[in-house]
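Just below is one structure, and these are the notes that go with it.
Every number for a ligand or one of its atoms is a count from 1 in the order of the listing. Because the structure is a prediction, the values reported are computed rather than measured.
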Amino acid sequence: MASSLSITTRHTIAPVDRKIYSGFVEHMGRCVYGGLVPATHPEPSKLDDCTPEGFRKDVLEAFKEVKPPLVRYPGGNYCANFNWMDGVGPMAERKPRLELAWQNTEPNTFGTNEFVAWCRAAEIEPFFCLNMGTGDLREALAWIEYCNSDANSYYANLRRSHGIEKPHKITYWCLGNEVYGDWQVAQVSKEAYAAMAIQWAKAIRMLDPSVKLVLCGQHGFNDWDEYVLQQCVDWVDYHSIHLYTEQKTHEMAVYAPRIAETSIVWTQAMIDRARYAKKMDRKVKICFDEWNVWHPEKYPGNDGHEEIYNVSDMLGVAVWLHVFVRHADIVEIACIAQSVNVISPLFTKEGDMFKQTTWWPYVLAAQYLVGRSVSTHVQGSAWEGERTGQLATNKGMLPETLHHLDMAATVDDEKKILTVSVVNSKLEDVEADLHIDQPIKAGIEKIEVAGEPEDVNSFEHKDKVSPVRSELSAETKVVFKRCSYTILRYQL
Ligand code: AHR
């Protein structure tokens, strides 16, 4: 069946906030030690090429290609049992601690100031998550004072005594992480959380009214989300949701991210209902601060979470990004979970790094899917197989028709460039007619990443799956290769 892609450049959804290309660094596995810094940290590595501060140059350079506006830190589940005080001050006095979320010993040689220094080197804004598990409000206020205050006060002076004169000025703070989950070191009920979140938000705003607070939501389709929003919506700036989509089969990998589309729409409705009840004009946006394609069963054990991503996963990540662009009016922050080694598009070992398949949609979307998000519509060729796994359990959240092509488009009005980003999940080429509501002056460039569903990159074959750039004509019939991610750039 022929396919058609309609793009209405005159219908703006909203400007794309580049914060949807944000990242996430957790003290988990080799994300920090072995990822941002050598595994030997604070001792230098013999093999890793590092900056004078001891940051891996290869990882830092890769981040600079994406330019994620924010990176969330230090977790994740890790948050619920960490004490920020263990990770500041002279190295010789740092205390290794038993870490319960991931059952490790955390050396604490990399903490608040090291992370902020890394962010400054990468030109990224740090985004912190408070411990609402074992941590109390006093500890949270102390951390915020340490980071943000320039008063002559104990924790601001403690920071100065650690050699940091100027406050870090951290704007974005999460009020806990997944505190509803029985996997948390300290789990709470929705009632207890909502009461606590209001108290914490009030006190935090007294300390620093400039902060932006993120409420801890679930998936956006739970009673938890509805309840905490009803109670707390007027105390926060964002509602956080998390979702990981399964990839046991090619179809799950590429279609399950569409569940997130519904979860965004439902979350928006819950936010608006809560705002209505409180007669609130101020908008509250979605912070999708953990998302990715991930199935822990596929990579179990201690090295679990070091998932090697194939082409199907790459297409899934591209669809995830399309979902955020299509909902640019409500999703203001999204953090790929995670940024290095742990379910990540970047994979390192001592002295080397490679970019996984999922790196390509992430970096290309961050570079080209910018400007204003515009309306798109796909018709034609669709997948009609049996829906299993997450596609079956979340049946009501998926569209009736799952088209083989998935698309998002943006217009950069300054440069007069239309970018059309297309996933072809079909195991065959698909020809499509492009219907654009204004004349195209010229094609600029086609960037295509394609492969077989199971293809992966590795240290031995770093470029097996990588982009191919070619000239693009103004022709409106385009063939999308089987299993491909394509960016088309047109001059308007
Ligand atoms: O990103 C891995 C883990 O997934 C995070 O620590 C947690 O928040 C989520 O369950």
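Remark: Arg56 engages Asp58 in a salt bridge, criterion side-chain N to carboxylate O under 4.0 Å. Residues Asp234 and Arg275 are not paired through a salt bridge, judged by the lack of any N-O separation under 4.0 Å between the basic side chain and the carboxylate.
When atom types are taken as modelled, the side chain of Glu114 and the backbone of Gly111 share a donor-acceptor pair closer than 3.5 angstrom. Judged by distance alone, the side chain of Asp48 and the main-chain N or O of Pro38 form no donor-acceptor pair under 3.5 Å. Put simply, the side chain of Asn131 gets close to the backbone of Thr134: a donor and an acceptor are under 3.5 Å apart. Under the 3.5 Å distance criterion, the side-chain polar atoms of Ser373 are matched with a main-chain donor or acceptor of Val325.
Of all atoms in ligand 1, numbered sequentially from 1 with element shown, those under 4.0 Å from a heavy atom of Phe24 are 1 (O). Of all atoms in ligand 1, listed by their number and element, those nearer than 4.0 Å to a heavy atom of Asn177 are 8 (O). Counting the atoms of ligand 1 from 1 in the order shown, those under 4.0 Å from a heavy atom of Gln338 are 1 (O), 2 (C).
Neither the backbone nor the side chain of His305 comes within contact range of ligand 1; no heavy atom lies under 4.0 Å. Residue Trp294 touches ligand 1 through its side chain alone, judged by heavy-atom distances below 4.0 Å.
Annotation: side chain to side chain contact (heavy atoms under 4.5 Å, CB included) contacts of Met397 (sequence neighbours excluded): Phe221, Ile259, Thr262, Ser263, Trp266, Asn394. Not counting sequence neighbours, Trp360 has no partner by the ring pair (Phe, Tyr, Trp, His ring centres under 6.0 Å) test.
Of the protein's non-hydrogen atoms, the one nearest atom 10 (O) of ligand 1 is Glu178 OE1, 2.7 Å. For atom 3 (C) of ligand 1, the nearest non-hydrogen atom of the protein is Glu290 OE1, 3.8 Å. Ranking protein heavy atoms by distance to atom 7 (C) of ligand 1, first place goes to Asn77 OD1, 3.1 Å. Taking atom 1 (O) of ligand 1 as the reference point, the nearest protein heavy-atom neighbour is Tyr244 OH, 2.8 Å. For atom 6 (O) of ligand 1, the nearest protein heavy atom (residue, atom name, distance) is Glu26 OE1, 2.6 Å.
Taking the centre of each ring, Tyr193 and Tyr180 stay at or above the 6.0 Å mark.
Looking at ligand 1, you won't find any N or O of His242 less than 3.5 Å from one of its N or O atoms. No N or O atom of Tyr78 sits closer than 3.5 Å to an N or O atom of ligand 1.
Residue contact check for ligand 1: Trp102 places a non-hydrogen atom closer than 4.0 Å to it.
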